[in-house]
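Worksheet for the structure shown next.
Just so you know, these numbers use all the heavy atoms, side chains as well, and skip hydrogens, waters and symmetry mates. Fair warning: this is a prediction, and the values are worked out from it, not measured in the lab.
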Amino acid sequence: MSTPVDDPLARERSHLSASRSALRAMREGVEALDISDVTANWVNAEALAHQIEERIKALADLSGTPLFFGRLDYLHAPGAEEAEGAEGERFYIGRRHVHDHDGDPMVIDWRAPVSQPFYRASKKDPMDIALRRRFGYTGGDLTAYEDEHLSDPAAVTLSGSAGEARTSKLLQQEIERPRVGPMRDIVATIQPEQDEIVRSGLSGTVCVQGGPGTGKTAVGLHRVAYLLYAHRERLARTGTLVIGPNRSFLHYIEQVLPALGELAVQQATVDDLVAHVEIKGTDDATAAVVKGDARLARVLRRALYSHVTMPTEPVVVVRGSRRWRVPAYELEELVRELLDRDIRYGAAREALPQRIAHAVLVQMERSGEAPDDRVQDAVARNSAVKAAVKAVWPAVDPAKLVLRLLSDAEFLAVHAQGILDADEQKAILWAKPARSVKSAKWSAADAVLIDEATDLIQRTHSLGHVVLDEAQDLSPMQYRAVGRRCTTGSATVLGDLAQGTTPWATRSWPEALAHLGKQDALVEELTAGFRVPTDVITYASRLLPHIAPGLTPVVSIRENPGHFEVRPVSGGKDVVEACRESLRHEGSTGLIAADARVPELAEALTEAGIPYLGPGEETTQDTRLTLVPASLAKGLEYDYVVLDDPRAVVDGEPDERTGLRRLYVALTRAVSGLTVTHTAPLPPQLA
C-alpha cells in the first residue's frame with residue numbers, strides 16, 4: 001500500500017514502521033551469530049556469549065516506547081560549514097541508533113553530536129536547522145507532529161491525527177503525561193539548560209542544585225547514558241554507579257537507563273557501599289551527628305597508626321652459616337621513612353619486609369656476595385623478618401579498631417584529644433561495650449566508620465563515574481565514603497538544600513563537595529519546574545524562608561496550573577474519600593502521611609476495599625494507589641497526591657526545621673494535583 005505524498009503524518013508513520021522492522025532485523029542478526037568456532041577457550045566463549053546477550057537486550061523494541069520522538073532537517077550537510085551547494089540532511093532523533101541493511105541510519109541516537117540541535121536550537125540560534133519536528137504518540141502509535149521552522153521564526157505548524165490545527169503543545173503534553181509504573185526517561189523533553197549538564201565532559205564533576213520538579217534526577221541519569229555513549233570503552237573498564245537514598249527510590253528509577261539501552265550501570269545505596277558488618281542497632285540524633293562528622297576521620301587515623309611502634313631490637317637473619325644483622329636504629333629509619341611517605345597502612349606494612357630484606361642484601365653485596373631478587377624475596381619471608389614486622393607494624397582489622405574506639409573510653413580519649421570534646425566522646429561511646437565484632441549492634445553510621453578505617457588500611461577501588469542523588473541528606477563521613485569510590489573518576493551530585501531532612505543535612509554545596517574530594521566541581525542550579533504544578537509549588541514555597549533562606553524558589557513553567565485543594569477533614573474515612581476522588585483521574589496517586597499514621601490509614605483503605613501498594617512496588621492500571629510514609633517520599637512522584645495532616649508530618653521529626661523540610665518534600669511529590677487534608681491546624685509557616 002503506497003503512502004500518500006501529501007500526507008506528512010502517513011509518511012512519518014511509514015518511517016516508524018520501517019525503523020521498527022530495521023531494529024528487528026538488527027536484533028535477529030545478533031541472535032543468529034554463531035560463535036562456536038571463533039573463541040579459543042570456554043572462558044572467551046562465555047564472555048562473548050554474555051556480550052551478545054547484553055546486545056540483544058539493548059536492541060529490544062519496548063512496547064509503547066516510541067523509537068523516535070523528533071526530526072531535524074539541516075539547511076546544510078553537518079560539517080559542511082554552509083559550503084555552496086551542500087545539500088541538507090534529515091535525521092530522526094530517538095532513544096537508540098537504528099540502521100537499515102545497508103548501514104544507513106534510520107534513527108540517530110539522541111546522544112550523538114548531530115542530535116544536539118534538537119535540544120538547543122532556537123529562533124535566535126537555529127544551529128543550521130531549517131525544521132525541528134516533534135512527534136506525539138498515543139501508546140506506541142504516532143498520532144501527531146509539531147513543526148518549528150527555525151529559519152522562519154514566524155512559521156509554526158501543528159498537526160493532529162486528522163490533520164487539523166492543534167492548540168496544545170506536544171512538548172507540554174509529554175511533560176504532563178500521566179504516569180503509571182516506574183520513572184521514565186525524558187529524552188523527548190530535555191531542555192537547553194538540562195542538556196548542557198547532560199553533555200558536560202567526563203573529566204569534571206558537576207553538582208546540580210535543583211528544586212522539586214526541575215528534573216535533576218533525570219538529568220543525572222541521562223548524563224550517565226550520555227557518558228557511556230561518548231566514553232564507552234573507558235567506562236566499560238572503570239565502571240559506573242548510581243547511588244540513591246533507599247531501595248524504594250532505586251526501584252523507581254531502575255528502568256530509565258535500560259530504556260535508553262544502557263544495562264551495565266550498577267545501583268546502590270550508601271549503606272550498600274559500606275556493608276562491612278550487619279546493621280543491628282540505631283543511633284540517637286546526637287550520636288549520629290558526631291559519628292558523621294569528618295573529624296572522626298582524624299580520630300580513626302590516629303587510632304590506627306598508634307599500632308605502629310618503633311623497634312628496640314635488631315633483626316638477625318640466618319642464611320646457611322651466615323648471620324646478617326639489621327640494627328634497631330636502621331629499622332627505625334625504615335619505619336619513619338614509610339610513615340613520612342603517607343601511604344596506606346596496609347601498603348606500608350607490605351613494603352616493610354622488603355625494605356628490611358633490601359638492607360640485608362646491601363650487607364651481602366658488601367661482603368662480596370651477588371644476591372638476586374629471589375634472595376630478597378626469601379629474606380622478606382624469613383621468620384625473623386616476619387616477627388619484626390608483626391611487632392613493629394601489626395595487622396589491624398578495621399572493624400575491631402572501630403569496636404575498640406566505641407567501647408573503650410580511655411582508648412577513645414587518647415586518640416580524640418583535641419578533636420572531640422568530652423560530651424562528644426560520651427555521645428558515641430556504647431553504653432554496653434560489645435565483646436566481638438559479630439555480637440556488636442552496629443549502626444549505619446558505625447559501618448561508615450569501618451569503611452573509613454578500611455580505606456586507611458587498603459585503598460578503595462575507584463570507578464569511572466558516580467551519580468549521587470538526594471545528596472543533601474549525606475553526612476560528611478558518608479560523602480567521604482562516596483568520594484573514595486570516584487577518586488580517579490568524576491561524579492554527578494544531585495540534590496536540593498531545602499529537602500535535607502537528616503540532622504546532619506548539607507548546609508552548602510562547597511562544603512559537601514570538599515568532603516567528597518571534588519572541591520573544583522561546577523555547581524549548576526535548575527530553577528525551572530517542569531513537573532510540579534504552579535499552584536502546588538507556589539504553596540510549598542511558603543516554607544522556603546524557614547528551611548532554606550536565600551534559596552531561589554522554583555518557578556513552574558507548566559501551562560496547566562494543576563489541581564490544588566486544602567481540605568479540613570474529620571478522620572481517616574474523609575482521607576480515603578479524597579484518595580477515591582484522585583483515583584477517578586488517569587495516572588498514579590500517592591497517599592503521603594507521617595510514618596506514625598501509616599498503619600491507621602492502611603486499615604482505613606483496607607476497610608474501604610481500596611487496594612494499595614507500598615513505596616517501591618510498581619503501580620499498575622488495576623492498583624494505582626501507593627501508601628507512602630513521609631520518610632520515604634523523597635525522590636518519588638505521583639500524578640495526584642493526597643497529603644494527610646501536615647502538622648503530623650512536622651511533629652514526626654526531632655525538630656521543627658527538619659519537620660518543615662520533610663513537609664516541603666511531601667508537598668512537592670504531585671505532578672498533576674494535590675489535596676491536603678488535615679484534622680489539626682496547619683503549620684503557621686503555610687499561612
Side-chain angles (χ1 to χ4, degrees), residues 58 62 65-70 93-97 107-121 134 171 174-175 177 179 181-232 235 239-244 249-250 252-267 463-471 489-496 521-522 524-526 528-531 635 637 671:
L62 303 177
T65 302
L67 266 188
F68 57 78
F69 46 81
I93 313 302
R95 287 167 173 78
R96 68 197 67 192
H97 174 85
V107 180
I108 300 292
D109 195 301
W110 65 277
R111 297 166 288 187
V114 75
S115 302
Q116 185 172 327
F118 184 78
Y119 301 107
R120 297 198 191 180
R134 299 182 188 275
L171 179 63
E174 174 62 23
I175 289 174
R177 181 161 58 94
R179 66 219 19 251
M183 180 180 177
R184 58 177 179 255
D185 65 71
I186 62 164
V187 290
T189 62
I190 294 174
Q191 299 300 295
E193 63 272 22
Q194 296 174 325
D195 190 61
E196 288 185 18
I197 298 172
V198 167
R199 295 177 192 264
S200 54
L202 176 61
S203 60
T205 289
V206 179
C207 175
V208 182
Q209 158 63 41
T214 55
K216 58 184 177 295
T217 295
V219 165
L221 294 175
H222 287 67
R223 186 181 181 212
V224 172
Y226 171 77
L227 292 176
L228 285 167
Y229 175 88
H231 308 277
R232 189 167 300 281
L235 290 178
T240 51
L241 173 67
V242 174
I243 303 173
F249 176 84
L250 291 178
Y252 176 62
I253 67 170
E254 68 182 359
Q255 295 302 318
V256 173
L257 289 169
L260 300 173
E262 301 299 343
L263 306 169
V265 181
Q266 303 175 61
Q267 293 187 353
L463 299 165
H465 192 77
V466 171
V467 174
L468 175 61
D469 206 351
E470 300 296 346
S490 56
T492 302
V493 181
L494 312 165
D496 180 11
L522 178 66
E524 299 278 6
E525 187 172 9
L526 297 176
F530 303 98
R531 303 299 299 172
E637 286 184 342
V671 173

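- Distance CD1/I190 to CG/D195: 6.0 Å, rounded to 0.5 Å.
- Two residues are said to be in side-chain contact when any heavy atoms from C-beta on lie closer than 4.5 Å; L526 and I197 meet this criterion.
- Residues satisfying the side chain to side chain donor-acceptor pair (under 3.5 Å) criterion with T492, sequence neighbours excluded, are R223, H465.
- Here the CD1-CZ distance, from I243 to F249, works out to 11.5 Å after rounding to the nearest 0.5 Å.
- Across all their heavy atoms, L202 and G464 have their closest contact at CD1-O, 4.1 Å.
- Closest heavy-atom contact between S490 and G204: CB-O, 3.7 Å.
- Put simply, OG on S115 and CD1 on I93 are 3.5 Å apart, with the number rounded to the nearest 0.5 Å.
- With rounding to the nearest 0.5 angstrom, the CD atom of Q267 is 5.0 Å from the CG atom of L250.
- Taking the side chain as every heavy atom from C-beta outward, L260 and W110 approach each other to under 4.5 Å.
- Residues that satisfy the side chain to side chain contact (heavy atoms under 4.5 Å, CB included) test with A528, not counting sequence neighbours, are E193, F530, I557.
- Ring geometry for F69 versus Y119: interplanar angle of 30 to 60°, hence tilted.
- Side-chain atoms of Q266 do not come within 3.5 Å of backbone N or O of A264 as any donor-acceptor pair.
- A cation-pi arrangement is not found for R96 relative to Y229, the charged atom failing to lie both closer than 6.0 Å to the ring centre and inside a 45° cone about the ring normal.
- Note that CD1 of I108 and CZ of F118 are 13.5 Å apart. Values are rounded to the nearest 0.5 Å.
- Side-chain contact between L494 and V467 is present, with at least one heavy-atom pair separated by less than 4.5 Å.
- K216 contributes atom NZ, which lies 11.0 Å from atom CD of E525 (distance to the nearest 0.5 angstrom).
- Checked against side chain to side chain donor-acceptor pair (under 3.5 Å), H222 has no partners two or more places apart in sequence or in another chain.
- Listed by chain and number, the residues in a salt bridge (Lys or Arg N to Asp or Glu O under 4.0 Å) with R111 are D109, E262 (sequence neighbours excluded).
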Take D469 and I253, measure what side-chain contact (heavy atoms from CB on, under 4.5 Å) needs, and give me the verdict at the end.
-> CA-CA 11 Å; D469 206 351; I253 67 170; 5.7 Å; no
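- When the side chain to side chain donor-acceptor pair (under 3.5 Å) test is applied to D496, the partners found at least two apart in sequence or on another chain are Q209, Q499.
- Residues passing the ring pair (Phe, Tyr, Trp, His ring centres under 6.0 Å) test with F68, sequence neighbours excluded: H15, Y92, F135.
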